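Input: a single structure, listed below in structure tokens.
As a basis for the values below, the full set of heavy atoms in this structure was taken, side chains included, without hydrogen atoms, waters or symmetry mates. So that the names make sense, note that chain A is the first sequence line, chain B the second, and so on, each numbered from 1. These numbers were taken from a predicted model, which means no experiment stands behind them.
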Number of protein chains: 2
Amino acid sequence: MEQRIERIKKQLHSQSYKLTPQREATVRVLLEHEDDHLSAEDVYMLVKEKYPEIGLATVYRTLELLTELKVVDKINFGDGVSRYDLRQEGAAHFHHHLVCIECGSVDEIQEDLLEDVEKVVEDRWNFVIKDHRLTFHGICHRCK
Amino acid sequence: MEQRIERIKKQLHSQSYKLTPQREATVRVLLEHEDDHLSAEDVYMLVKEKYPEIGLATVYRTLELLTELKVVDKINFGDGVSRYDLRQEGAAHFHHHLVCIECGSVDEIQEDLLEDVEKVVEDRWNFVIKDHRLTFHGICHRCK
DNA sequence: AATTTTATTTATAACTATTATAATTTGATT
DNA sequence: AATCAAATTATAATAGTTATAAATAAAATT
């Protein structure tokens, strides 16, 4: 945990941003909820528990900043809310998601799975892939 | 064109919805812009040219209805606006998208490409896939 | 160390996309 | 022609997000 924060701090500094207490508190919440897919509002509520003076706009700006630095990925499951998902350290690609239409749960797939598909797309469509979003909607193993 | 409208009309009737003039005008706009990825506001502007009295809420409701009937798919490329994309008639799966981070263009991939991946996901994650969203972000062939 | 500069935050207002509401209209049904 | 349900309009409300101005904190300069 502390090491990851230290590395994020360095990443910020390398682009001359600072890890302010507010930003650190926000990052900690994200690390503590690594498996969740929190909205900005969710993050705000959780950060407030430890840092009650923080403002919502600061949370939004921090999340935007972390997105820029590729520390988190911003994702949208079609419900009109952006969610923020920590990227695995050193992961080449953004992971995939399984959204259950019964219970609303969101599970993650860390495996790449798209290597072959991406090769085809790059060749046949002459497109340089920089990032991707892959989400499956269906019935999760718990609801079957 | 007329045949497709006729079929959509039947689809509506089968669920006891009517194809009102407003709905028909909206469907026509979607058919005439099959390759685009229009937002509700875009659709509204285009429908207004032919049917100036239409209200924005009607367009929203019509798009919602068409989404329910799987005539269109609602998709979000991360810019905070929902876009509506006509589904290919008889297509088993929603098609994929190539979003260019240079020029903002959106191209479509009609080929499935995910058959193998979906088999793996269904087996290994014990998940029943009902729908999917796959979008690649990168540099399109025109911007290379 | 005091001063100036710059980045950041706070609180709040503004904005945008979308949805809900109430009154009205349309169109089918009896 | 009268009735009833569905749909539409106009508008208000809501939700999520972004912008603004003033205040604060940190860093750089003298």
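Between A/E89 and A/R7 there is a salt bridge, with a side-chain nitrogen of the basic residue lying less than 4.0 Å from a carboxylate oxygen of the acidic one. Salt bridge annotation for B/E34-B/R4: present, with a cationic side-chain nitrogen under 4.0 angstrom from a carboxylate oxygen.
Picking from C/dT10, C/dT19, D/dA7 the nucleotide with the shortest atom distance to the side chain of B/Y17 gives D/dA7.
Residues from residues 6-15 of chain A that place a heavy atom under 4.0 Å from any atom of DNA chain D: there are none.
Residues B/I54 and B/Y84 share a single hydrophobic cluster, defined by chaining ILVMFWY side chains whose heavy atoms lie under 4.5 Å apart.
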Write down the protein N/O and nucleotide N/O pairs, taken from nucleotides 10-12 of chain D, whose separation is under 3.5 Å; answer none if there are no such pairs.
none

Pick out the pairs of N or O atoms, protein on one side and nucleotides 14-17 of chain C on the other, that lie under 3.5 Å.
none

Test A/R28 against A/E2 for salt bridge (Lys or Arg N to Asp or Glu O under 4.0 Å), laying out the working first. CA-CA 9 Å; A/R28 276 182 194 280; A/E2 300 310 316; 3.0 Å; yes
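For A/E32, the salt bridge (charged side-chain N to carboxylate O under 4.0 Å, His left out) test picks out A/K50, with sequence neighbours left out. For A/E108, the salt bridge (charged side-chain N to carboxylate O under 4.0 Å, His left out) test picks out no residue, with sequence neighbours left out. Residues passing the ring pair (Phe, Tyr, Trp, His ring centres under 6.0 Å) test with A/H95 are A/H97, sequence neighbours excluded. Listed by chain and number, the residues in a salt bridge (charged side-chain N to carboxylate O under 4.0 Å, His left out) with B/E111 are A/R124 (sequence neighbours excluded).
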Using a cut-off of 4.0 Å between protein heavy atoms and nucleotide atoms, how would you tag nucleotides 22-30 of chain C 5' to 3' with B, S and -? ---------
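When hydrophobic side chains of Ile, Leu, Val, Met, Phe, Trp and Tyr are connected at separations under 4.5 Å, A/V81 ends up as a singleton with no cluster partners. Here A/I75 is tied into one hydrophobic group with A/F77, A/F94, A/V99, A/V106, each link being a pair of ILVMFWY side chains closer than 4.5 Å.
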Result block: side-chain N/O donor-acceptor pairs under 3.5 angstrom for residues 133-144 of chain B, not counting sequence neighbours:
residue	atom	partner	partner atom	Å
B/R133	NE	B/K74	O	3.4
B/R133	NH1	B/D131	OD2	3.3
B/R133	NH2	B/K74	O	3.0
B/R142	NH2	B/S105	OG	2.9
B/R142	NH2	B/D107	OD2	2.9
B/K144	NZ	A/N126	OD1	2.5

Under 3.5 Å, which donor-acceptor pairs do the side chains of residues 59-69 of chain B form with other protein atoms, sequence neighbours left out?
residue	atom	partner	partner atom	Å
B/T62	OG1	B/T58	O	2.8
B/T67	OG1	B/L63	O	2.6
B/E68	OE2	B/Y17	OH	3.4

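Note on B/T20: only backbone sugar-phosphate atoms sit closer than 4.0 angstrom, heavy atoms only; bases stay farther off.
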